[in-house]
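Just so it is clear: chains get the letters A, B, ... in the order the sequence lines come, proteins before strands, and each one is counted from 1.
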2 protein chains.
Amino acid sequence: MTDPEQACPIAPAVDIVFSRWTTPILWALHEHGRQRFVELQRRLPSITPKVLTERLRRMERDGLLTRTWYAEVPPRVEYEISDLGRSLSPVFAQLATWAGDHLDEVAKARDAYDATKMQNV
Amino acid sequence: MTDPEQACPIAPAVDIVFSRWTTPILWALHEHGRQRFVELQRRLPSITPKVLTERLRRMERDGLLTRTWYAEVPPRVEYEISDLGRSLSPVFAQLATWAGDHLDEVAKARDAYDATKMQNV
DNA sequence: CAGTATCCCATAGGATACTG
DNA sequence: CAGTATCCTATGGGATACTG
């Protein structure tokens, strides 16, 4: 984190919001409501507990979600998207629209590029 | 790239659009128009030529920008944002708005979190 | 000018096993 | 159940030097 921010006003937000797992986690919480660690694990089948924990901690710290601990046996912990997390909805909606409209163009561009570069392998 | 996509419809777009340098580069091209390698280097002072080259190649492959080579001496190459790249403007605008409205909340959330966790050095 | 070529590092992420 | 603890790897990124 040196200074790409200076050249680009959205760089700080990108740092907070976009990573391999933040959007899937936020999406799961948004779509399926308040849920427990193990439920998130089931919805994100390929994530490992270590990584899920790390991401949840960071997102909790950033205020994107809340973590509620119930001192029961066995322990129960519930995660819920916060208002701040929910405030990202328009951004995600906009991006979803873009993806729907343009992802195939990206695929075509890649094919064209790879074809002209004639993949030297 | 295994399957966070399955759980989250915007994950593929995130992969393409957001990285440490894609948004700053796109922003520079959007704000200052068609320009040469060295000009981009000047606008992104902390990027190294290696990384700038890598990013530009990938973005060219994805169709986000175009690269035009002039067989002159000394060589001249110009980069320009493409229509596809420009189609991201609403997404970036939305994100810029979110950042303006909520980045301070993130900062506060972090302070609060760090305070309660009492930072064990 | 517009890159390559090397070498190096930090970190996100992954595999696996274990615990209060 | 909700995580830790270890160990490991891949990759994005960085520093520096060189070239057609």
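- As rounded to whole Å, 12 Å separates atom P of C:dG13 from atom CG of A:Leu44.
- DNA chain C forms stems at C:1-20 with D:1-20, each a run of 3 or more consecutive Watson-Crick or G-U wobble pairs whose two key distances fall under 3.5 Å.
- Taking atom CG of residue B:Leu40 and atom P of nucleotide C:dA2, one finds them 9 Å apart after rounding to whole Å.
- Here D:dG14 presents its C1' atom at 13 Å from CG of B:Leu52, a figure rounded to the nearest Å.
- A salt bridge links A:Lys50 with A:Glu54: the closest approach of a Lys/Arg side-chain nitrogen to an acidic carboxylate oxygen falls below 4.0 angstrom.
- Atom CG in A:Leu65 sits 10.0 Å away from atom CZ in A:Arg57 (nearest 0.5 Å).
- Between B:Arg20 atom CZ and C:dT11 atom P there is a gap of 12 Å when expressed in whole angstrom units.
- Inter-residue side-chain proximity for A:Val17 and A:Asp62 is flagged as unmet; no heavy-atom pair is nearer than 4.5 Å.
- The side chain of A:Val51 sits closest to C:dG14 out of D:dG12, C:dC1, C:dG14.
- Rounded to a whole Å, the CZ atom of B:Arg58 is 10 Å from the P atom of D:dT11.
- Contact check, A:Arg55 against C:dG13: a side-chain N or O comes under 4.0 Å of OP1 or OP2.
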Using a 3.5 Å cut-off and no angle test, enumerate the donor-acceptor pairs between side-chain atoms of residues 86-100 of chain A and protein atoms at least two apart in sequence or in another chain.
{"unit_1": "A:Arg86", "atom_1": "NH2", "unit_2": "A:Ile81", "atom_2": "O", "d": "3.2"}
{"unit_1": "A:Ser87", "atom_1": "OG", "unit_2": "A:Leu84", "atom_2": "O", "d": "2.4"}
{"unit_1": "A:Ser87", "atom_1": "OG", "unit_2": "B:Trp98", "atom_2": "NE1", "d": "2.8"}
{"unit_1": "A:Ser89", "atom_1": "OG", "unit_2": "A:Arg86", "atom_2": "O", "d": "2.9"}
{"unit_1": "A:Thr97", "atom_1": "OG1", "unit_2": "A:Ala93", "atom_2": "O", "d": "3.0"}
{"unit_1": "A:Trp98", "atom_1": "NE1", "unit_2": "B:Ser87", "atom_2": "OG", "d": "2.8"}

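- The two atoms that bring B:Ile16 and A:Arg110 nearest to each other are CG1-NH2, 3.6 Å, heavy atoms only.
- The shortest distance between the side-chain N/O atoms of B:Arg76 and the OP1/OP2 oxygens of C:dA2 is not below 4.0 Å.
- Taking atom CD of A:Glu54 as the reference point, atom P of C:dA10 lies 17 Å away to the nearest angstrom.
- Taking each heavy atom of A:Arg67 and A:Tyr79 in turn, the nearest pair found is NE-OH, 3.3 Å.
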All N/O pairs under 3.5 Å across the protein-nucleotides 3-8 of chain D interface:
{"unit_1": "D:dG3", "atom_1": "OP1", "unit_2": "A:Arg57", "atom_2": "NH2", "d": "3.2"}
{"unit_1": "D:dG3", "atom_1": "OP1", "unit_2": "A:Arg67", "atom_2": "NH2", "d": "2.7"}
{"unit_1": "D:dG3", "atom_1": "OP2", "unit_2": "A:Tyr79", "atom_2": "OH", "d": "2.6"}
{"unit_1": "D:dT4", "atom_1": "OP1", "unit_2": "A:Arg57", "atom_2": "NH2", "d": "3.4"}

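- Rounded to an integer number of Å, the gap from A:Glu78 CD to D:dC1 C1' is 12 Å.
- Closest approach of A:Phe18 and A:Thr22 over heavy atoms only: C-OG1, 3.6 Å.
- Rounding to whole angstrom units, CZ of residue B:Phe18 and P of C:dA12 are separated by 19 Å.
- No side-chain donor from either of A:Arg58 and A:Ser19 sits under 3.5 Å from a side-chain acceptor of the other.
- Minimum heavy-atom separation, A:Arg36 to A:Pro75: NH2-O, 3.5 Å.
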